[in-house]
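Contents: one structure, followed by commentary.
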2 protein chains.
Amino acid sequence: MSSPLPEPPWSSVPQRRRRRQLTREAITEAGLALVDAEGLDALSMRRVADGLDVQASALYGHVSGKQELIQLMLDHVALEIDVPDPDPERWEEQLKEFARSARQVLGAHRDLAGASLANIPTGPNMLVLIDRVLAILAASGLPRQAVAYAADLLPQFITAAVYEESLFLQRLEREPEYFERIDAYFRAAPADRFPVLADLVNELTSPEESPGARFEFGLDVIVGGLAAMVER
Amino acid sequence: MSSPLPEPPWSSVPQRRRRRQLTREAITEAGLALVDAEGLDALSMRRVADGLDVQASALYGHVSGKQELIQLMLDHVALEIDVPDPDPERWEEQLKEFARSARQVLGAHRDLAGASLANIPTGPNMLVLIDRVLAILAASGLPRQAVAYAADLLPQFITAAVYEESLFLQRLEREPEYFERIDAYFRAAPADRFPVLADLVNELTSPEESPGARFEFGLDVIVGGLAAMVER
DNA sequence: ACCTGAACACCGTTCAAGT
DNA sequence: ACCTGAACACCGTTCAAGT
């Protein structure tokens, strides 16, 4: 058998090399880039692989599957959320500061929040986040079981609220007349069959008077409800 | 050409006829039966069609697609949710009665609640539901904008809470040792890096002392938070 | 009018084969 | 050790063709 010929000098050109080594981090960031660009529905192992110039099956050497990829993405994002160090005098405002930071960070990744609802995140960064939120709650004077439940309720509210906001924004983006359509739908509800709805149609359909007013309302309700439970 | 032969008497046997006419209602119920049996992930146009002994493409003569099917399923379920007639003296307890009924009805259909988060339902039965919940809120003395926002917040809480409960139950069903795994995971968190979490690990991992205690806590927080906003 | 059959453009995941 | 290529068992949706 003849020895293989040496590679001619121009042969290295066509094989465009991958920009970076395939790692869990690279895969995670490619997944986030995809969600940022096109939303959660577009997230597939095949398209993440495309973004890294590899075959989908190559990803399985680094992550166990789509579920783990989503967990890695959520944990990556969790790192950016700010939680203040506990100050027992200001626990209510501090919970709101955490919630606003979480809303901003999560909201920057389209409807990624939906993945957080479907797939309760438990990565290392998420543990740190929970510990820091628990610290604020523990300084509130709430009973211990209430502290534990509140650490579940508040993130659940944040995630659900951000998810619905982002779905709304995404839909508006893809279908600019969407707002007018649901507006018209509510206004078309006959007052004899839907008396209260008809009476409140302006409040139900009017845009938020300030950005995040609806989110701030939910925050006021929940933090206010917790404050009412503090034993005095 | 020869005339076609008459059908022999035994030929009608093998063509097993469909049990009922294909209608939106039949499709909706087949979808619910599938979700009840196997959960939201198993819901596909092809499998719904299988359950009705038709091809998937046949469904598109009755519903515009999977999104509309989900809307029909949610609206079908909404009909079963009880909302009391408004009594201004009891608005707080009445909101809780609605929430408990919604939890029970939604929770009976596995993780269908997830579809309600992803796909904000707006069918006719849902409109009636919103009108009736708004009626209770309108009798509370809350400001009008707060009434409108609360009619969003409360269902959002219910849906998110039921969704997470059902995902947990579903996971327990498929992986009976799941509870012990997350239990061990939380207990393994080192106290020097997660001091508050380690301190509260019993409260975080212990099962609910009574069924729905976690749901009732969220309900207390939200309804209590709303009560604190009533102008007096 | 309503359903079938085939097709199109996708999925997640596995696994033998290559290098 | 790590990636490719091919395969398996699925998706939602469209559309010409049948009855």
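Labels below follow one simple rule: chain letters A, B, ... track the order of the sequence lines, proteins then strands, and each chain is numbered from 1.
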Residue pairs passing the salt bridge (charged side-chain N to carboxylate O under 4.0 Å, His left out) test with at least one member in residues 157-166 of chain A, sequence neighbours excluded, are A:R103-A:E165
Donor-acceptor pairs under 3.5 Å, side chain of residues 112-122 of chain B to any protein atom, not counting sequence neighbours: which ones?
| residue | atom | partner | partner atom | Å |
| --- | --- | --- | --- | --- |
| B:N119 | OD1 | B:Q71 | NE2 | 3.1 |

Which side-chain N or O atoms in residues 38-46 of chain B pair as donor and acceptor under 3.5 Å with protein atoms at least two apart or in another chain?
| residue | atom | partner | partner atom | Å |
| --- | --- | --- | --- | --- |
| B:E38 | OE1 | B:R47 | NH1 | 2.9 |
| B:E38 | OE2 | B:R47 | NH1 | 3.4 |
| B:E38 | OE2 | B:R47 | NH2 | 2.7 |
| B:S44 | OG | B:R47 | N | 3.1 |

Take nucleotides 6-19 of chain C nucleotide by nucleotide from the 5' end and write B, S or -, depending on whether a protein heavy atom sits under 4.0 Å from the base, only from the sugar-phosphate, or from neither.
-> -B---BBBBB----
Any chance you could encode DNA chain C as dot-bracket? Rule is Watson-Crick or G-U wobble with both distances under 3.5 Å; [ ] for pairs crossing earlier ones, | for another strand.
-> ||.|||||...|||||.||
B:L59 has an atom CG; how far is it from atom C1' of C:dC2, in whole Å?
-> 12 Å
Is the shortest side-chain N/O distance from A:Q55 to OP1 or OP2 of D:dG5 below 4.0 Å?
-> yes
Can you tell me the distance, in whole Å, between the CG atom of A:D53 and the C1' atom of D:dC2?
-> 16 Å
Taking ring pair (Phe, Tyr, Trp, His ring centres under 6.0 Å) as the test, write out the residues that go with A:F215, two or more places apart.
-> A:F157
For residues 109-132 of chain B, which residue pairs qualify under salt bridge (charged side-chain N to carboxylate O under 4.0 Å, His left out), counting only residues two or more places apart or in two chains?
-> B:D85-B:R132, B:R110-B:E173
What residues, two or more places apart in sequence or in another chain, satisfy side-chain contact (heavy atoms from CB on, under 4.5 Å) together with A:E175?
-> A:R171, A:E177, A:Y178, A:R181
Identify, with sequence neighbours excluded, every residue that meets ring pair (Phe, Tyr, Trp, His ring centres under 6.0 Å) alongside A:F186.
-> none
Distance between the P atoms of C:dA9 and D:dA9, in whole angstroms?
-> 23 Å
Donor + acceptor pair across side chains of A:S166, A:Q170 (<3.5 Å) = no
